[in-house]
Amino acid sequence: MSDTGIGARVLRKEDKRFITGKGQYTDDINLKDQTYAYFVRSPHAHATIKAINTAKAKKMPGVVDIFTSKEVEEDKIGGLICGWMIHSKDGSGMKAGPHPILASGKVRFVGDQVAVVIAETREQAKAAAQAVAVSYGVLPHNVDAGQAMKTKAQVHDVASDNRVYNWSIGDEAATDAAFRSAAHVTKLDLINNRLIPNAMETRAAIGSYDTGSEHYTLYTTSQNPHVARLVISAFHGLAPEHKLRVIAPDVGGGFGSKIFIYGEEVTCVWASKRIGGRPVKWTADRSEAFLSDAHGRDHVSHAELAMDASGKIVGLKVHTIASMGAYLSTFSSCVPTYLYATLLSGQYDIPNIYAEVDAVYTNTAPVDAYRGAGRPEATYLLERIVETAARELKIDPAEFRRRNFITQFPHQTPVIFCYDAGDYGAALDKALELSDYRNFASRKAASAKNGKLRGVGFSAYIEACGIAPSAAVGSLGAGVGLWESAEVRVNAVGTVEVLTGSHSHGQGHETTFAQLVSERLGVDINNVAIVHGDTDKVQMGMGTYGSRSGAVGMTAISKALDKIEAKAKRVAAAVMEASTDDIDFKDGTFTVKGTDKKMAFGEVALASYVGHKFNSSEIEIGLKETSFHDPSNFVFPAGVHICEVEVDTETGLTKIASYTAVDDFGTIINPMIVEGQVQGGVAQGIGQALLEGAHYDRDSGQLLTGSYMDYNMPKAANMPHIENFKLGFTFTKCPSNPLGMKGCGEAGAIAAPPAVINAITNALGVRDIAMPATPLTVWNAMQPMKRAAE
Amino acid sequence: MPAISMKVNGKAVSGNVENRTLLVDFIRTNLGLTGTHVGCDTSQCGACVVHIDGKAVKSCTTLAVACEGASVTTIEGIAKNGTLHPMQQAFHENHGLQCGFCTPGMIMASIDIVKRNGKKVSEEVIRRELSQNICRCTGYHNIVAAVQSAAEKM
Ligand code: FES
Ligand code: FES
């Protein structure tokens, strides 16, 4: 390993601009003559729009124009789409209601956008938005996933029982048979609490139309600008792709919420033409972000786990109601299906699994992928019921898991996936050792002396990342393939530019991708530039989500580098008058076997462009290669996390006493960055378990947790102290990509919630506790015990 | 519109603002210093922290007119002659940032924490005081490590 190659803890190249205040986020960009947009949003959870009167607002100072669905329809701007078709058990297609960029005829959740005001300043737009008079006919509403199929509040005409689909996976008859012959069945009802992603940069957009070239530009906070361009072009019908440039500059976190195409961004770029080409800028307030960003999770589930007399799992049955919110967001339909139920086998050899999912409309913000997307919900369900089963069977939870681990690979689960490699026992061993599980009893006794209840909880998770191959996802209903592209341009002076379809919004691609190039070509990482996030520079790409930039994005780069190396060898051979077969390339130097002839990489690069050192009719001039990589399988990172909590019996306050994460991510390019991903993911998982939860008021349909005063974000004081947060890695190489990488971005958010809740239920000696386990929830759970003790 | 003047990063600046203009808007819009960010509308995320007369303040909750005659320092003003402030350097060396959006506010708040609590500031105190700043990416682990390491060098 070189000191900047694969496996090195290289400090990040992108840091300088962020620590000096020179980052360029969308709201930092200002275009000449720009106007400001502000959206009029529905105050009702469900209502018809009877009339919109903009006359008074239009006369307010600075107002340029005001648009509603009327103008959208005039210009034939298409509605927002959901890009993954899910079929119900009965074969019928999912019931997708219309989703216009500005609400038409009806509003379906509090915050639904009804009109846009464009003015000279943001304050003027905001003031005029308040003067837009909308008269509503209020309709009955429902915000509760569990009630959606019973309520009278019908969100969309196409779905009479609010059911988007009733989907299933696995063999129901075989699973029922396994349950009939089981020695023990554990049952659990679980709610996976609704979360609000809360990237610290809110969504923002600047749309701009050039009346001369008839060309649109959209600056936006996107995790996948090319997909945005494709959708805006093909489905909204705004402009063909060659007339639309989408730029996602520095983006302040995404966590899934910036994958999707939203109405506001499309409105800005459309409206710019409507007002004669002046740019239209919109930056969401945090309150708007709470209301209108796609939320995550929101599952209501019933699960049953069957064991034989030896404690071997023989079957799993699951029914889940998944809220989709009021509209189907871009990828929402695949989250509680192919990203969820396909993971229900976890790390265990479970011969029979059957799961049924009802996706339902509710009068709430749309729900879509949020860090982990489906996999946290699957892991929470499975790891909670496995832990509960172990307790019921009085088997140590670590031992119970080990008894059921998959140990042979490849392993075909009953729910589609074929796990290619792993060593789950090794991760468990390492986690037990790092967490000093052996001495838990003495720590528990010490906590008890201080009046605290100590508990320990496990979580053995697996996730499927990369999200591919294209043919496989296509057969499951995906509208697009999930490959990635890369272009490597070597300049004449030997410096390198990598154009990638992946998008970095905190993941550190400018460093890790450069490490790969440095390793392969022997070029200093400071001579490598990573270009991303601009559809005029990078031709096409699928963006960053699902922990795919390493396994898929870097593999594309690696394949392009293979081609660069092959071409450079031909150039080197020609210049050194040798046969290409006799050229070796190592550490940035080309040598001719058996001679002392050599050329540095930079010399070969120069020769490639000088063009007269070889016969240009045999070897094309230049050194630039492209690759589109379509993976052959998902990748399967897995690990074991162990959490210890201390609960204050007086206040119900839970403290994370220690947290141990052992993960198998395959090959790691930069351990510093990977550890950062785990720490950040675990913080979000601890947030879900202890602090965060989106609440809509049942009666009014209002979002009660609409600001940081009501929605409890994890803070520094909620996390374990540095010495109590232990990370470890195990390694099995991923066989489906040449680098052996698996993906690390979501592991923490997936693994942590059940680890924390298992620890709290262990501390309290209760069967279940709801997330978030706030002090009040925990205190209430303790009262029966206290009364019993009195 | 009242005229205001103050020092920002050592330079005298002036401008006309509305009475209601927030300091953060004056800094970002009038002065074009976009390193100071806005992450919320309830004064809780700390993305907007700057120093006013040496003290950390949330610029989203400060009126520009209230800063008449003050000396304001933003993230753009803490490196001296091209040398990063020890806190900036420590965030870099400890991987205390991912997307970078919270980072300017984190750094400005952390400098103040160390100034008030000294070189030996405990992890407990750092964590408690950083509860005024929200980061969604890092889980705070490396931010706390960065503040501890900078404290020794400041
Ligand atoms: S912008 Fe959030 S505290 Fe100032
Ligand atoms: S680094 Fe992204 S919010 Fe802190």
Side-chain angles (χ1 to χ4, degrees), chain A residues 9 11-12 14-25 27-30 123 197-202 250-255 283 285-287 504-508 672-673 675-684 686 707-709 713-723 725 748, chain B residues 18 20-21 25 28-29 32-45 47 74-79 84-85 87-89 91-104 107 123-124 126-145 148:
Chain A
R9 285 181 170 271
L11 295 181
R12 295 203 322 171
E14 46 271 83
D15 282 357
K16 176 91 187 276
R17 66 177 187 274
F18 298 127
I19 56 179
T20 55
K22 293 291 190 306
Q24 279 284 291
Y25 301 89
D27 189 56
D28 298 340
I29 296 165
N30 293 298
E123 290 69 30
N198 273 301
M200 290 317 296
E201 178 204 28
T202 57
D250 286 330
V251 173
F255 315 110
T283 305
D285 292 335
R286 178 59 60 188
S287 328
S504 186
H505 30 279
Q507 295 87 342
M672 176 192 83
I673 286 178
E675 287 164 10
Q677 288 291 319
V678 176
Q679 290 152 356
V682 166
Q684 287 181 346
I686 290 174
S707 81
Y708 291 142
M709 290 189 285
M713 292 282 281
K715 318 272 173 15
N718 301 118
M719 295 300 121
H721 275 217
I722 289 175
E723 58 176 16
F725 195 169
Chain B
E18 292 183 60
R20 64 175 172 176
T21 301
D25 291 326
R28 286 180 58 81
T29 309
L33 295 170
T34 55
T36 303
H37 296 154
V38 176
C40 73
D41 42 20
T42 50
S43 195
Q44 280 162 312
C45 75
T74 70
I75 187 71
E76 290 92 343
I78 55 171
L84 294 176
H85 186 283
M87 192 63 76
Q88 290 172 306
Q89 188 65 26
F91 268 67
H92 174 54
E93 285 170 7
N94 290 278
H95 186 34
L97 63 148
Q98 291 182 23
C99 79
F101 195 82
C102 72
T103 310
I107 289 176
E123 179 170 354
E124 193 72 36
I126 295 172
R127 285 186 184 273
R128 192 173 62 231
E129 298 218 353
L130 275 182
S131 293
Q132 296 295 313
N133 290 68
I134 303 177
C135 173
R136 193 50 147 171
C137 298
T138 63
Y140 306 98
H141 194 87
N142 292 336
I143 291 179
V144 175
Q148 281 185 317

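By convention in this document, chain letters (A, B, ...) are assigned in the order of the sequence lines, proteins followed by strands, and residues within each chain are numbered from 1.
- No other option in Gly100(B), Gly96(B), Ser43(B) has as many heavy-atom pairs under 4.5 Å with chain A as Gly100(B).
- In terms of heavy atoms, Met672(A) sits closest to His95(B) at O-CD2, 3.4 Å.
- For the set Glu129(B), Gln89(B), Glu93(B), Arg128(B), the entry with the most heavy-atom pairs within less than 4.5 Å of chain A is Glu93(B).
- Pairing each heavy atom of Ala716(A) with each of Leu130(B), the nearest pair is CB-CB, 4.0 Å.
- Nearest approach of His92(B) to Arg12(A), heavy atoms of both residues: CE1-O, 3.2 Å.
- Counting all heavy atoms, side chain and backbone alike, Asp28(A) lies closest to Arg28(B) at OD1-NH2, 2.7 Å.
- Heavy-atom distances place no part of Glu18(B) under 4.5 Å from chain A, backbone and side chain included.
- Looking at residues two or more places apart in sequence or on another chain, you find a ring-ring contact (aromatic ring centres under 6.0 Å, His included) between Phe101(B) and Tyr25(A), His37(B).
- Of the two parts of Val678(A), neither the backbone nor the side chain holds a non-hydrogen atom closer than 4.5 Å to a non-hydrogen atom of chain B.
- When heavy atoms are compared at a cutoff of 4.5 Å, Ile686(A) does not approach chain B at all.
- Residue Leu33(B) does not touch chain A at all, counting heavy-atom pairs closer than 4.5 Å.
- Annotation: maximal heavy-atom pairing with chain B below 4.5 Å, among Asp285(A), Asn198(A), Asn30(A), Thr202(A), occurs at Asn198(A).
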Glu76(B)/Lys22(A) under side-chain contact (heavy atoms from CB on, under 4.5 Å): CA gap, chis, key distance, verdict: CA-CA 8 Å; Glu76(B) 290 92 343; Lys22(A) 293 291 190 306; 4.1 Å; yes
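- Ranking Gly676(A), Gly21(A), Pro720(A), Gly506(A) against chain B, the residue ahead of the rest is Gly506(A), based on heavy-atom pairs under 4.5 Å.
- When atom types are taken as modelled, the side chain of Tyr140(B) and the backbone of Pro714(A) share a donor-acceptor pair closer than 3.5 angstrom.
- Considering all non-hydrogen atoms of both residues, Ile722(A) and Gln148(B) come closest at CD1-OE1, 3.8 Å.
- Heavy atoms closer than 4.5 Å to chain A are found nowhere in Gln132(B), neither backbone nor side chain.
- Here the side chain of Gln88(B) pairs a donor or acceptor atom with the backbone of Ile19(A) at under 3.5 angstrom.
- A distance of 11.0 Å separates NE2 of His505(A) from CD of Gln98(B), quoted to the nearest 0.5 Å.
- With a threshold of 4.5 angstrom between heavy atoms, Met713(A) approaches chain B through side-chain atoms but not through N, CA, C or O.
- The shortest distance between side-chain heavy atoms of Thr42(B) and Arg286(A) does not fall below 4.5 Å.
- For chain B, the nearby parts of Gln677(A) are the backbone and the side chain; heavy atoms of each come within less than 4.5 Å.
- Interface remark: Ala79(B) contributes no atoms to any contact with chain A (heavy atom separation under 4.5 Å).
- How far CZ of Arg17(A) is from OG1 of Thr103(B): 11.5 Å, rounded to the nearest 0.5 Å.
- Every residue meeting the side-chain hydrogen bond (donor to acceptor under 3.5 Å, both in side chains) condition with Thr283(A), not counting sequence neighbours, appears here in chain and number order: Asp27(A).
- Under the 3.5 Å distance criterion, the side-chain polar atoms of Asp41(B) are matched with a main-chain donor or acceptor of Ser287(A).
- To the nearest 0.5 Å, atom CE of residue Met719(A) and atom OG1 of residue Thr138(B) are 9.5 Å apart.
- Looking at Ile107(B), the atoms closer than 4.5 Å to chain A (heavy atoms on both sides) all sit in the side chain, from C-beta outward.
- In this structure, SG on Cys99(B) lies 7.5 Å from CD on Glu201(A), to the nearest 0.5 angstrom.
- Considering only heavy-atom pairs separated by less than 4.5 Å from chain A, the leading option among Pro104(B), Cys135(B), Gly35(B), Ser131(B) is Ser131(B).
- If you take CD on Gln679(A) and SG on Cys137(B), they are separated by 12.5 Å, rounding to the nearest 0.5 Å.
- The minimum heavy-atom distance between Tyr708(A) and Gly39(B), with the atom names listed, is CE1-O, 4.0 Å.
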